[in-house]
Amino acid sequence: MLELPLVKGDPFHHVMEAILDLSDVAHVVCTTRGLNLLAVDTKHLAIVSLLFPAEDFKGYTCDEYISIGIPIRDLVNAIRCGDDKDTITLKVGEENFGTITLSFVSPEKNTVDYEFRLVDAKLERFRLPDRHFLRSKYQGSVKMPSVEFRRICKCLSNFGDEYGVISVTDEDLTYFAKGTDGDVYVEYKQQEEDTTIFKIDVREPVRLAFNPKYLNTFAKVFTLSGQVKLFLSKTHPLMVECKIGQKGRIRCFVAPKVEP
Amino acid sequence: SPTQKTLDRFFHSS
(Lines give C-alpha, C1' and ligand atoms only; values in the text may rest on other atoms or scores of the structure.)
Protein backbone atom coordinates (compact mmCIF):
# COMPACT_ATOMS: atom_id res chain seq x y z
CA MET A 1 0.00 0.00 0.00
CA LEU A 2 1.26 3.44 -0.93
CA GLU A 3 -0.04 6.88 0.07
CA LEU A 4 1.79 9.85 -1.33
CA PRO A 5 0.65 13.27 -0.10
CA LEU A 6 1.10 15.94 -2.78
CA VAL A 7 0.66 19.68 -2.94
CA LYS A 8 0.18 21.76 -6.06
CA GLY A 9 3.61 23.30 -6.73
CA ASP A 10 5.65 20.82 -4.66
CA PRO A 11 8.84 19.21 -6.09
CA PHE A 12 7.00 16.11 -7.33
CA HIS A 13 4.48 18.26 -9.23
CA HIS A 14 7.26 20.55 -10.56
CA VAL A 15 9.25 17.61 -11.93
CA MET A 16 6.14 16.16 -13.56
CA GLU A 17 5.35 19.51 -15.23
CA ALA A 18 8.95 19.87 -16.42
CA ILE A 19 9.05 16.49 -18.14
CA LEU A 20 5.54 16.68 -19.57
CA ASP A 21 6.74 17.33 -23.11
CA LEU A 22 9.76 15.03 -22.89
CA SER A 23 8.29 11.78 -21.68
CA ASP A 24 4.98 9.91 -21.37
CA VAL A 25 5.77 7.96 -18.25
CA ALA A 26 7.54 8.43 -14.93
CA HIS A 27 8.96 5.37 -13.29
CA VAL A 28 8.40 5.58 -9.53
CA VAL A 29 9.87 3.18 -7.01
CA CYS A 30 8.61 3.46 -3.43
CA THR A 31 9.85 1.66 -0.34
CA THR A 32 9.51 2.26 3.40
CA ARG A 33 12.60 4.50 3.06
CA GLY A 34 11.16 6.86 0.45
CA LEU A 35 10.42 7.61 -3.17
CA ASN A 36 12.61 7.55 -6.25
CA LEU A 37 11.30 8.94 -9.54
CA LEU A 38 13.01 8.45 -12.87
CA ALA A 39 11.94 9.76 -16.25
CA VAL A 40 13.74 9.62 -19.58
CA ASP A 41 12.84 11.58 -22.69
CA THR A 42 11.77 9.62 -25.76
CA LYS A 43 15.11 10.21 -27.55
CA HIS A 44 17.11 9.12 -24.47
CA LEU A 45 19.01 12.41 -24.35
CA ALA A 46 17.93 13.53 -20.88
CA ILE A 47 17.10 11.83 -17.59
CA VAL A 48 15.60 13.40 -14.50
CA SER A 49 15.72 11.68 -11.15
CA LEU A 50 13.99 12.76 -7.94
CA LEU A 51 14.94 11.23 -4.61
CA PHE A 52 12.64 11.91 -1.71
CA PRO A 53 13.40 10.20 1.62
CA ALA A 54 10.34 9.26 3.71
CA GLU A 55 11.37 11.57 6.56
CA ASP A 56 11.14 14.58 4.23
CA PHE A 57 7.70 13.61 2.98
CA LYS A 58 5.03 14.47 5.56
CA GLY A 59 2.33 11.80 5.59
CA TYR A 60 4.21 9.40 3.29
CA THR A 61 3.09 5.80 3.84
CA CYS A 62 4.52 2.79 2.05
CA ASP A 63 4.72 -0.67 3.59
CA GLU A 64 6.22 -2.64 0.68
CA TYR A 65 8.36 -2.32 -2.44
CA ILE A 66 6.22 -0.71 -5.15
CA SER A 67 7.45 -0.08 -8.69
CA ILE A 68 4.96 1.73 -10.93
CA GLY A 69 4.81 3.64 -14.20
CA ILE A 70 2.75 6.83 -13.86
CA PRO A 71 1.23 8.41 -16.98
CA ILE A 72 2.66 11.94 -16.64
CA ARG A 73 0.08 13.81 -18.72
CA ASP A 74 -2.89 12.31 -16.86
CA LEU A 75 -1.34 13.15 -13.51
CA VAL A 76 -0.40 16.71 -14.48
CA ASN A 77 -3.85 17.38 -16.00
CA ALA A 78 -5.49 16.19 -12.79
CA ILE A 79 -3.26 18.31 -10.54
CA ARG A 80 -3.88 21.37 -12.75
CA CYS A 81 -7.63 20.86 -12.28
CA GLY A 82 -7.26 20.89 -8.51
CA ASP A 83 -7.37 23.93 -6.26
CA ASP A 84 -4.23 25.23 -4.52
CA LYS A 85 -5.90 24.58 -1.15
CA ASP A 86 -6.79 20.94 -1.91
CA THR A 87 -5.08 18.13 -0.07
CA ILE A 88 -3.94 15.68 -2.75
CA THR A 89 -3.11 12.03 -2.10
CA LEU A 90 -1.78 9.56 -4.63
CA LYS A 91 -2.77 6.03 -3.64
CA VAL A 92 -1.84 2.59 -4.84
CA GLY A 93 -3.67 -0.08 -2.91
CA GLU A 94 -3.72 -3.85 -2.88
CA GLU A 95 -7.36 -4.00 -3.91
CA ASN A 96 -6.91 -1.89 -7.03
CA PHE A 97 -3.43 -2.88 -8.18
CA GLY A 98 -2.87 -1.86 -11.78
CA THR A 99 -4.39 1.56 -11.17
CA ILE A 100 -3.52 4.62 -9.13
CA THR A 101 -6.00 6.94 -7.48
CA LEU A 102 -5.45 10.64 -7.08
CA SER A 103 -7.77 12.07 -4.40
CA PHE A 104 -8.42 15.78 -3.94
CA VAL A 105 -9.99 16.95 -0.70
CA SER A 106 -11.00 20.60 -0.34
CA PRO A 107 -10.89 22.47 3.01
CA GLU A 108 -14.68 21.93 3.09
CA LYS A 109 -14.05 18.14 2.74
CA ASN A 110 -15.47 17.96 -0.79
CA THR A 111 -13.67 15.27 -2.77
CA VAL A 112 -12.68 14.54 -6.36
CA ASP A 113 -11.07 11.20 -7.25
CA TYR A 114 -9.16 10.43 -10.45
CA GLU A 115 -8.26 6.90 -11.35
CA PHE A 116 -5.53 6.08 -13.89
CA ARG A 117 -4.26 2.86 -15.32
CA LEU A 118 -0.59 2.30 -14.53
CA VAL A 119 1.76 1.98 -17.50
CA ASP A 120 4.85 -0.10 -18.12
CA ALA A 121 7.92 2.05 -17.46
CA LYS A 122 10.78 -0.31 -18.39
CA LEU A 123 13.34 2.05 -16.89
CA GLU A 124 14.94 -0.38 -14.48
CA ARG A 125 17.72 -0.83 -17.01
CA PHE A 126 18.98 2.71 -16.45
CA ARG A 127 21.48 2.67 -13.61
CA LEU A 128 22.50 6.16 -12.57
CA PRO A 129 25.94 6.93 -11.16
CA ASP A 130 26.65 7.00 -7.44
CA ARG A 131 28.94 9.37 -5.51
CA HIS A 132 32.01 7.19 -6.14
CA PHE A 133 31.38 7.24 -9.89
CA LEU A 134 30.94 11.01 -9.89
CA ARG A 135 34.23 11.50 -8.06
CA SER A 136 36.17 9.26 -10.41
CA LYS A 137 34.65 10.15 -13.81
CA TYR A 138 33.85 13.83 -13.36
CA GLN A 139 36.73 16.29 -13.49
CA GLY A 140 34.94 19.31 -12.09
CA SER A 141 31.94 20.79 -10.34
CA VAL A 142 30.46 24.27 -10.12
CA LYS A 143 28.03 25.56 -7.53
CA MET A 144 25.91 28.56 -8.49
CA PRO A 145 22.57 30.23 -7.68
CA SER A 146 19.71 28.35 -9.34
CA VAL A 147 17.97 31.55 -10.46
CA GLU A 148 21.13 32.60 -12.30
CA PHE A 149 21.44 29.13 -13.81
CA ARG A 150 17.86 29.28 -15.05
CA ARG A 151 18.45 32.67 -16.64
CA ILE A 152 21.50 31.37 -18.52
CA CYS A 153 19.72 28.22 -19.68
CA LYS A 154 16.85 30.31 -21.02
CA CYS A 155 19.28 32.63 -22.77
CA LEU A 156 21.27 29.75 -24.34
CA SER A 157 18.15 27.93 -25.44
CA ASN A 158 16.57 31.04 -26.94
CA PHE A 159 19.73 31.76 -28.87
CA GLY A 160 20.63 28.31 -30.10
CA ASP A 161 18.46 25.33 -29.43
CA GLU A 162 20.83 22.72 -30.82
CA TYR A 163 24.43 23.37 -29.82
CA GLY A 164 25.76 24.65 -26.52
CA VAL A 165 29.05 24.29 -24.68
CA ILE A 166 29.99 24.56 -21.01
CA SER A 167 33.69 25.10 -20.27
CA VAL A 168 35.25 25.28 -16.85
CA THR A 169 38.76 26.04 -15.60
CA ASP A 170 39.81 26.79 -12.04
CA GLU A 171 39.37 30.50 -12.83
CA ASP A 172 36.12 30.72 -14.76
CA LEU A 173 32.97 29.08 -16.06
CA THR A 174 31.83 29.78 -19.63
CA TYR A 175 28.55 29.04 -21.35
CA PHE A 176 28.31 29.23 -25.13
CA ALA A 177 25.48 28.66 -27.59
CA LYS A 178 25.52 28.75 -31.36
CA GLY A 179 22.56 30.47 -32.99
CA THR A 180 21.64 30.72 -36.65
CA ASP A 181 22.68 34.39 -36.89
CA GLY A 182 25.32 34.63 -34.18
CA ASP A 183 26.72 33.22 -30.97
CA VAL A 184 26.32 33.96 -27.26
CA TYR A 185 29.01 33.73 -24.56
CA VAL A 186 28.40 34.01 -20.82
CA GLU A 187 31.41 34.07 -18.49
CA TYR A 188 31.60 33.80 -14.69
CA LYS A 189 34.83 34.52 -12.83
CA GLN A 190 35.63 32.66 -9.64
CA GLN A 191 35.34 35.20 -6.83
CA GLU A 192 38.09 34.97 -4.22
CA GLU A 193 36.14 36.59 -1.40
CA ASP A 194 32.82 34.72 -1.48
CA THR A 195 32.70 31.08 -2.51
CA THR A 196 29.41 30.29 -0.77
CA ILE A 197 27.35 31.54 -3.72
CA PHE A 198 29.57 30.63 -6.67
CA LYS A 199 32.29 28.02 -6.41
CA ILE A 200 34.40 26.24 -9.01
CA ASP A 201 36.11 23.02 -8.05
CA VAL A 202 38.06 21.39 -10.92
CA ARG A 203 40.88 18.87 -11.16
CA GLU A 204 41.48 19.79 -14.80
CA PRO A 205 39.74 22.01 -17.38
CA VAL A 206 36.62 20.48 -18.93
CA ARG A 207 34.76 21.36 -22.11
CA LEU A 208 31.40 19.71 -22.71
CA ALA A 209 28.99 20.12 -25.66
CA PHE A 210 25.27 19.48 -25.29
CA ASN A 211 21.81 20.45 -26.51
CA PRO A 212 20.69 23.56 -24.53
CA LYS A 213 17.01 22.73 -25.02
CA TYR A 214 17.13 19.92 -22.46
CA LEU A 215 18.98 21.92 -19.85
CA ASN A 216 16.43 24.72 -20.20
CA THR A 217 13.60 22.24 -19.67
CA PHE A 218 15.00 21.25 -16.27
CA ALA A 219 16.31 24.65 -15.17
CA LYS A 220 12.92 25.72 -13.77
CA VAL A 221 12.82 22.66 -11.51
CA PHE A 222 16.13 23.64 -9.94
CA THR A 223 14.75 26.95 -8.71
CA LEU A 224 12.99 24.87 -6.02
CA SER A 225 16.39 25.10 -4.35
CA GLY A 226 18.55 28.21 -3.96
CA GLN A 227 21.65 26.56 -5.41
CA VAL A 228 22.49 24.15 -8.22
CA LYS A 229 25.62 22.11 -8.63
CA LEU A 230 26.91 21.18 -12.07
CA PHE A 231 29.13 18.11 -12.48
CA LEU A 232 31.27 18.18 -15.59
CA SER A 233 33.09 15.37 -17.33
CA LYS A 234 35.03 15.08 -20.58
CA THR A 235 33.55 11.66 -21.25
CA HIS A 236 30.19 11.50 -19.44
CA PRO A 237 26.85 13.33 -19.51
CA LEU A 238 26.46 16.70 -17.85
CA MET A 239 24.82 16.32 -14.45
CA VAL A 240 22.99 19.07 -12.58
CA GLU A 241 21.85 18.55 -8.99
CA CYS A 242 19.88 20.48 -6.41
CA LYS A 243 18.95 19.59 -2.84
CA ILE A 244 15.31 19.35 -1.82
CA GLY A 245 14.31 19.35 1.84
CA GLN A 246 16.75 17.80 4.32
CA LYS A 247 18.02 14.83 2.33
CA GLY A 248 16.09 14.88 -0.93
CA ARG A 249 17.56 15.82 -4.28
CA ILE A 250 16.79 16.31 -7.97
CA ARG A 251 19.34 15.30 -10.57
CA CYS A 252 19.26 15.63 -14.31
CA PHE A 253 21.62 14.21 -16.88
CA VAL A 254 21.99 15.63 -20.38
CA ALA A 255 23.69 13.51 -23.03
CA PRO A 256 26.84 15.01 -24.55
CA LYS A 257 27.53 15.93 -28.14
CA VAL A 258 30.89 14.62 -29.24
CA GLU A 259 33.17 16.49 -31.62
CA PRO A 260 34.33 14.36 -34.58
CA SER B 1 29.30 18.64 -36.95
CA PRO B 2 29.28 17.11 -33.42
CA THR B 3 27.52 13.80 -32.94
CA GLN B 4 24.73 13.55 -30.39
CA LYS B 5 25.23 10.57 -28.07
CA THR B 6 22.34 8.97 -26.19
CA LEU B 7 22.32 8.20 -22.48
CA ASP B 8 21.98 4.45 -23.09
CA ARG B 9 25.69 4.04 -23.69
CA PHE B 10 26.54 5.61 -20.30
CA PHE B 11 23.89 4.33 -17.91
CA HIS B 12 22.57 1.18 -19.50
CA SER B 13 22.82 -1.73 -17.11
CA SER B 14 22.78 -5.15 -18.70
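So you know, we letter chains A, B, ... as the sequences are listed, proteins then strands, and number each from 1.
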Answer with side chain, backbone, both or neither: which region of Tyr163(A) has an atom nearer than 4.5 Å to a non-hydrogen atom of chain B?
->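 Contact with chain B is through the side chain of Tyr163(A) alone.
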
Can you say whether Lys137(A) sits under 4.5 Å from chain B via the side chain, the backbone, both, or neither, judging by heavy atoms?
->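 When you check distances to chain B, no heavy atom of Lys137(A) falls under 4.5 Å.
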
Do His236(A) and Phe133(A) have their ring centres less than 6.0 Å from each other?
->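 Yes, close enough.
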
Distance flag, aromatic centroids of Phe12(A) and Phe52(A), threshold under 6.0 Å |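 So the answer is no for these two rings.
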
For chain A, which of Thr6(B), Thr3(B), Leu7(B) has the most heavy-atom pairs under 4.5 Å?
->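 Result: the option with the highest number of such pairs is Leu7(B).
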
Choice from Ala46(A), Pro237(A), Ala209(A) maximising heavy atom contacts with chain B below 4.5 Å =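 So the answer, after comparing Ala46(A), Pro237(A), Ala209(A), is Pro237(A).
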
Salt-bridge contact Glu17(A)-Lys220(A) (side-chain N to carboxylate O under 4.0 Å) |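 Judged by the 4.0 Å cut-off on N to carboxylate O distance, Glu17(A) and Lys220(A) do not form a salt bridge.
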
Should the pair Asp21(A)-Arg73(A) be classified as a salt bridge under the 4.0 Å nitrogen-to-oxygen rule?
->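 The answer is yes: the pair qualifies as a salt bridge.
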
